[in-house]
Peer 1: 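Following this message is one structure expressed as structure tokens.
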Amino acid sequence: MTSFTAPKGTFDTLPPDSATFLAVRDALTAPLRRAGYGYIETPIFEDTALFARGVGESTDVVSKEMYTFTDRKERSLSLRPELTAGLMRAFIEHKLYSGQLPVKLYAVGSNFRYEQPQAGRYRHFTQVDMEALGVDDPALDAEVVALAVAGFRELGLTDFDLLMTSLGDAECRPQYREKLQSFLAGLDLDEETRRRAEINPLRVLDDKRPDVAAQLAEAPLMVDHLCDPCQRHYDEVRQYLTDLGVEWQEAPRLVRGLDYYTKTTFEFVHNGLGAQSAIGGGGRYDGLSKQLGGPDVSGIGYAVGVDRTLLALRAEGLVGDAPSRVAAFVVPLGDAARRRGLALVTELRNAGVPADFAFGGKGLKGAMKAADRSGARYAVVLGERDLADGTAQLKDLTTAEQRAVPLTDLARTVKELLS
Ligand code: AMP
């Protein structure tokens with residue numbers, strides 16, 4: 001029979017590497033918990049229309065990359081390609097806006113996009129996502145950006161840059177959009193780019209092809225056409241970031257793959273990752289709640305790619321040896337010792353010592369090999385004679401020193417030795 005492999009563009013995260021994955025996830029979310037963000041869990045699939053309306057019908061994410069299916073009652077559902085739309089849906093559905101503002105939420109979870117797989121770009125990937133909803137305050141923008149930086153710093157990352165710009169709002173962006181469109185209309189562009197200029201002219205600015213990029217050198221930029229409130233907002237965000245010691249680079253051509261951004265918009269790029277260098281990004285999305293049928297309240301947030309952050313850690317040589325699976329490994333010799341030994345494992349674990357047991361009835365040699373492989377610092381060898389004496393042999397696997405310890409003291413002794 002043929003066997004199965006993980007679907008194209010997906011991968012398994014196996015122990016011991018998975019410990020690093022969990023550590024990254026926890027480090028990225030630790031600053032959020034310290035800042036009062038609460039964990040939210042939403043479904044992995046939602047109404048397709050939520051993403052079409054929220055993320056934007058014309059985006060690649062929605063138009064080309066969603067895993068969409070109909071259920072048995074002909075409802076169109078999609079696996080989530082990002083987390084913000086679902087969080088916003090929950091914020092509206094549960095009227096979280098009627099409580100204390102801002103509502104601070106974070107989530108960690110799987111996302112699905114039918115992309116062309118390459119290093120750092122997958123069809124199933126994990127994001128840490130956070131949103132601060134209901135308050136339009138430049139200080140909040142600065143807090144949000146600073147929390148992302150804190151997450152990266154928590155991991156020891158240094159070789160990354162923060163790119164930032166303002167995308168304006170419903171007041172100044174339409175006017176700018178027209179200016180940009182008339183500028184683009186005068187250029188020598190291919191048919192597809194022309195079409196893009198019609199639907200989403202800002203995205204044309206991001207075109208990296210040299211002949212197009214050269215023509216775009218003189219293109220009008222949003223940051224030069226901000227209305228007064230947007231300009232003030234952006235100036236204040238930058239002032240707060242300076243106060244917080246956060247460095248950034250102005251990126252007036254920054255465009256993100258999702259349509260909902262307004263005002264402050266940012267991206268983190270890592271310098272050791274090659275083509276897929278974005279490790280996170282986000283911004284303000286003041287129209288999103290209203291667009292999804294909620295009240296007209298603002299929001300800001302970001303998503304950090306856990307998988308890419310892990311690649312960034314590797315690129316900076318920050319992934320050390322995988323931690324040991326357990327600290328103690330119990331090796332019983334004989335049936336009576338097996339029974340006492342299994343109880344001993346539980347005693348060790350209850351004392352807070354990660355412990356494992358020589359399952360599978362191995363002989364002494366095989367069991368000691370298993371103890372070594374487990375990465376344990378100590379082997380606890382329990383023979384018939386030890387059992388009769390009420391002791392076990394505690395062997396330090398790094399030095400091969402061995403001594404008898406009373407069974408009643410064993411868990412406490414190992415715990416003390418490890419501390
Ligand atoms: P986005 O939701 O597109 O703004 O992406 C936010 C972050 O998620 C990016 O900066 C990446 O770190 C990560 N990300 C987005 N798409 C993928 C993907 N296909 N594979 C792996 N990571 C991704």
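Positions are given from 1, in the same order as the sequence printed here. Only a predicted model underlies this, so the values are computations on that prediction, with no experimental measurement involved. Whatever order the structure lists them in is the order used to number ligands and atoms, beginning at 1.
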Peer 1: Going by the rule side chain to side chain contact (heavy atoms under 4.5 Å, CB included), which residues pair with D396 if we only count those two or more places apart in sequence or in a different chain?
Peer 2: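 D396 satisfies side chain to side chain contact (heavy atoms under 4.5 Å, CB included) with R377, Y378, T398, T399 once adjacent residues are dropped.
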
Peer 1: What I want to find out is whether D169 reaches R284 closely enough, with some N-O distance under 4.0 Å, to be called a salt bridge.
Peer 2: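 A salt bridge is absent here (no side-chain N lies under 4.0 Å from a carboxylate O).
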
Peer 1: Just jot down the ligand 1 atoms closer than 4.0 angstrom to any heavy atom of Q127, in number order.
Peer 2: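 The list of qualifying atoms is 1 (P), 2 (O), 5 (O), 6 (C), 7 (C), 8 (O).
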
Peer 1: Can you confirm if the NZ or CZ of R25 lies within 45° of the ring axis of F21 and under 6.0 Å from the centre of its six-membered ring?
Peer 2: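 That pair does not qualify as a cation-pi contact.
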
Peer 1: For atom 23 (C) of ligand 1, tell me which residue out of F268, Y114, F125 has the closest non-hydrogen atom.
Peer 2: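 Shortest heavy-atom distance from atom 23 (C) of ligand 1: F125.
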
Peer 1: May I ask you to say whether E198 pairs ionically with R194, meaning some side-chain N is under 4.0 Å from a carboxylate O?
Peer 2: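 Salt bridge absent between E198 and R194.
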
Peer 1: Would you say ligand 1 has an N or O under 3.5 Å from any N or O of G280?
Peer 2: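 N/O-N/O distance under 3.5 Å: yes.
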
Peer 1: Only heavy atoms of A278, strictly under 4.0 Å: list the atoms of ligand 1 that pass.
Peer 2: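 Taking each heavy atom of A278 in turn, ligand 1 has 9 (C), 10 (O), 11 (C), 12 (O) under 4.0 Å.
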
Peer 1: Yes or no: does D307 have any heavy atom under 4.0 Å from an atom of ligand 1?
Peer 2: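 Outside the 4.0 Å threshold, so no.
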
Peer 1: Classify the ring geometry of Y114 against Y67: parallel below 30°, tilted from 30° to 60°, perpendicular beyond 60°.
Peer 2: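 Because their plane-to-plane angle is over 60°, the rings of Y114 and Y67 count as perpendicular.
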
Peer 1: Taking 4.0 angstrom as the limit and counting only heavy atoms of G120, give me the atoms of ligand 1 inside it, by number and element.
Peer 2: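 Listed by number with element: 20 (N), 21 (C), 22 (N).
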
Peer 1: Is the closest N or O pair between R113 and ligand 1 shorter than 3.5 Å?
Peer 2: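 Right, the criterion is met.
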
Peer 1: Give a yes or no answer on whether the side chain of Y176 reaches the backbone of P220 with a donor-acceptor pair at less than 3.5 Å.
Peer 2: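 Between the backbone of P220 and the side chain of Y176 there is a qualifying donor-acceptor contact (under 3.5 Å).
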
Peer 1: Donor-acceptor pairs under 3.5 Å, side chain of residues 354-371 to any protein atom, not counting sequence neighbours: which ones?
Peer 2:
{"residue": "D356", "atom": "OD2", "partner": "R325", "partner atom": "NH1", "Å": "3.2"}
{"residue": "D356", "atom": "OD2", "partner": "R325", "partner atom": "NH2", "Å": "3.4"}
{"residue": "K362", "atom": "NZ", "partner": "F359", "partner atom": "O", "Å": "2.8"}

Peer 1: Which ligand 1 atoms, with their elements, are less than 4.0 angstrom from a heavy-atom of Y122?
Peer 2: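 The atoms of ligand 1 under 4.0 Å from a heavy atom of Y122 are 18 (C), 19 (N), 20 (N), 21 (C).
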
Peer 1: Should E115 be counted as touching ligand 1, given the test is an N or O pair under 3.5 Å?
Peer 2: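 For ligand 1, there is an N or O atom that lies under 3.5 Å from one belonging to E115.
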
Peer 1: Short list, please: which atoms of ligand 1 are under 4.0 Å from a heavy atom of G305?
Peer 2: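 Within the 4.0 Å cut-off of G305, ligand 1 contributes 7 (C), 8 (O), 12 (O), 13 (C).
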
